Number of protein chains: 2
Amino acid sequence: MTNSTKQRREVILTSAYRDGFVGVRQLADELSVSEATVRRDLHGLATEGLLQLNHGGASVIRGSDHSFLSKLTQNVEAKQTIARLAAQLVCDGEQLFLDSGTTCFAMTAFLRGKRGLSVIVNSIRTAQELHAPGLNVLILGGQYRPERMDTVGPMAGASMDRLRGYLAFVGTDGVGMDFGLTAIDIESAHIFGQAVGNARQSILLADSSKFDNPGLYKIADWAAISKVITDKRPAEAWCGFFAEREIELIYPQESSLPE
Amino acid sequence: MTNSTKQRREVILTSAYRDGFVGVRQLADELSVSEATVRRDLHGLATEGLLQLNHGGASVIRGSDHSFLSKLTQNVEAKQTIARLAAQLVCDGEQLFLDSGTTCFAMTAFLRGKRGLSVIVNSIRTAQELHAPGLNVLILGGQYRPERMDTVGPMAGASMDRLRGYLAFVGTDGVGMDFGLTAIDIESAHIFGQAVGNARQSILLADSSKFDNPGLYKIADWAAISKVITDKRPAEAWCGFFAEREIELIYPQESSLPE
DNA sequence: TGAATTTTGATTGAATATGATTTATTCTTG
DNA sequence: CAAGAATAAATCATATTCAATCAAAATTCA
């Protein structure tokens, strides 16, 4: 009946999305294959990000996304440091844009205390985290990407185009002196580029590992950036580069104690 | 039946959100596992921040998105019935709009199996639940309302105005013969009214308790509605009313066995 | 056809989940 | 407040489930 791997996995996915959960035992029975094979299938589907493995089977990925949470725990200190510095630039009553990356996500904790903010986001996660009294959250519409919990595409772009005069905070997957700031996926690059283009002022958040490691897709040119926040003083070449372009470079003072 | 940890915990969460509190003894009994296992489950859910432990059981955490979840467990059977009938009207490859109510939310389970759907939503919850292969979800941007987990306002309206030719499914807080369909809050009424106005065809989902109990804000006139789905045959007056207006009335056949 | 590659199923030791038992804690009631 | 009851945590033995390995079977490709 279902003799090829592909067909079998198709059946598994269908079951999984219908019921929310599939068991190894039942699948092995239904498909007339060994449990070992089912496990291999589930493992394969899990590494493709289509299912989440559990004891006894696998389930569809819902809300609390694991890839996001795992990224969230990389470079935690650097992100926290940057996020705190970034939040200090925000006054009460301001309008902001936050991108869907984890560095901007880290800012949410520091922003909840502010008054009368309007925050534009394309990340569902960030939106939910920003829930606080006196805080107005605007989600950009568009194509929903469950694995990233954000919205992208032309509809997001059209929404973005109706907004101006905000302060944009964008992270990046890497920056190069010649190529500007970049992202790994083209959808994000496009929407963030637009966000930067329409902003009153754009601030780049980049931890030290991002320098000289450009990604594939360009977000924006350096000309669009007015400030860069990072976790420690970058190499001299970069300091000079920023000075030349009158980009303000912000990093923690040596004297400030790590809390 | 529920043999895996994951499934069991899901059942526990559902119970918890329905009743506000779950007891160790009852759960052990219902799930046919030892109390030790139930305790481990509750402990696990508590460390994930999903429940709060008490003596004798656990309760839902205060201040979470409780309003949505508690509504979700009202009239469950009626909603399931309606949702199933509604999903049967949807063919593969169709474009839909689903409102942010719980009845439309109930449709998600029946829609995940379909192929090539594009679904427009203004509910984050519904969007997340619609995650399935070959399913394209479009979120309307706009003001984010954390307690309802949806987006409303002019930006949502503007996004809505760029979309046509879809099949709209809308719930309601109540309907009256003279006043049409209504909602309790004005924001929802506005966006759903727009959704109905731009739709190729609009289908009203209303359980029997909604008839003759209009809310404050009008969503749309009866003229905009082409089908009404409910859980049982309404009063004769309503049947006549719909017949007169050539609105197709759909409810479960008496002969169909409850599964 | 025959060799190379992939897929599968069985086996094994390791990891995890479960239930019974015991010990500690918290709640109730007088 | 103290005694008793009820509930929770800790411990351990048992049962499942998992990942790794390897040989057999199926598939592919020349």
Side-chain angles (χ1 to χ4, degrees), chain A residues 1-74 147, chain B residues 1-64 133:
Chain A
M1 178 150 287
T2 58
N3 30 15
S4 95
T5 307
K6 195 151 192 173
Q7 286 176 306
R8 210 175 44 234
R9 295 193 179 181
E10 197 80 15
V11 172
I12 292 175
L13 270 187
T14 307
S15 281
Y17 281 111
R18 179 165 37 86
D19 306 331
F21 183 89
V22 282
V24 173
R25 179 76 50 81
Q26 293 94 302
L27 285 176
D29 195 42
E30 282 173 35
L31 301 167
S32 312
V33 292
S34 70
E35 295 192 7
T37 302
V38 171
R39 285 210 182 84
R40 271 185 281 253
D41 286 338
L42 294 181
H43 189 82
L45 292 166
T47 41
E48 285 180 61
L50 297 166
L51 287 180
Q52 187 174 40
L53 291 182
N54 311 111
H55 234 77
S59 56
V60 296
I61 304 165
R62 297 241 184 283
S64 353
D65 173 18
H66 203 279
S67 76
F68 186 91
L69 291 170
S70 68
K71 256 198 179 176
L72 203 59
T73 50
Q74 290 169 8
E147 49 314 322
Chain B
M1 184 124 303
T2 58
N3 33 12
S4 98
T5 310
K6 181 94 183 180
Q7 284 178 303
R8 210 176 41 234
R9 294 191 179 182
E10 214 139 287
V11 172
I12 292 175
L13 269 187
T14 308
S15 282
Y17 281 123
R18 186 184 55 233
D19 307 331
F21 180 86
V22 282
V24 172
R25 180 73 49 82
Q26 294 94 298
L27 285 176
D29 194 43
E30 280 174 36
L31 301 166
S32 313
V33 292
S34 71
E35 295 191 7
T37 301
V38 171
R39 287 210 180 84
R40 272 185 279 249
D41 286 338
L42 294 181
H43 190 81
L45 291 167
T47 42
E48 284 181 61
L50 297 165
L51 287 180
Q52 188 163 35
L53 291 181
N54 314 97
H55 287 261
S59 53
V60 295
I61 212 129
R62 289 186 54 77
S64 68

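Because only heavy atoms are used, hydrogens play no part in the values below, and waters and symmetry mates are left out as well, while side chains stay in. Letters A, B, ... mirror the listed sequences (proteins, then strands); counts begin at 1. Keep in mind it's a predicted model, so treat the numbers as computed, not measured.
In this structure, the CZ atom of Arg8(B) is 13 Å from the C1' atom of dT16(D), given to the nearest Å. Distance, Gln7(A) CD to dT27(D) P: 12 Å, rounded to whole Å. In this structure, NZ of Lys6(A) is placed 17 Å from C1' of dT28(D), rounded to the nearest angstrom. Put simply, CZ on Arg40(B) is 11 Å from C1' on dC12(D), counting in whole angstrom units. Straight-line distance from the CG atom of Leu42(A) to the C1' atom of dT17(D): 13 Å, rounded to whole Å.
To the nearest 0.5 Å, atoms CG (Leu45(A)) and CD (Glu10(A)) are separated by 9.5 Å.
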Just list the side-chain donor-acceptor pairs under 3.5 Å for residues 22-29 of chain B, sequence neighbours left out, or say none.
from	atom 1	to	atom 2	distance (Å)
Arg25(B)	NE	Glu35(B)	OE2	2.8

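Chain A approaches DNA chain C within less than 4.0 angstrom (heavy atoms of the protein), and the contacting nucleotides run 5' to 3' from dT7(C) to dA17(C).
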Quick test: give all pairs of protein nitrogen or oxygen and nucleotides 3-7 of chain D nitrogen or oxygen below 3.5 Å, distance rounded to 0.1 Å.
from	atom 1	to	atom 2	distance (Å)
dT7(D)	OP2	Arg25(B)	NH2	3.2
dT7(D)	O3'	Gly56(B)	N	2.9

Quiz item: Stepwise, does the side-chain contact (heavy atoms from CB on, under 4.5 Å) test hold for Arg9(B) with Leu50(B)?
Solution: CA-CA 11 Å; Arg9(B) 294 191 179 182; Leu50(B) 297 165; over 6 Å; no
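The minimum heavy-atom distance linking Ser59(B) with Phe21(B) is given by the pair CB-CD1, 3.9 Å. Among all heavy-atom pairs drawn from Gln52(A) and Val60(A), the shortest one is OE1-O, 4.2 Å. Contact between Ala58(A) and Leu51(A) at its shortest, heavy atoms only, is CB-CD1, 4.1 Å.
Here the side chain of Asn54(A) pairs no donor or acceptor atom with the backbone of Thr5(B) at under 3.5 angstrom.
In this structure, the side chains of Arg40(B) and Thr37(B) come closer than 4.5 Å at one or more pairs of heavy atoms.
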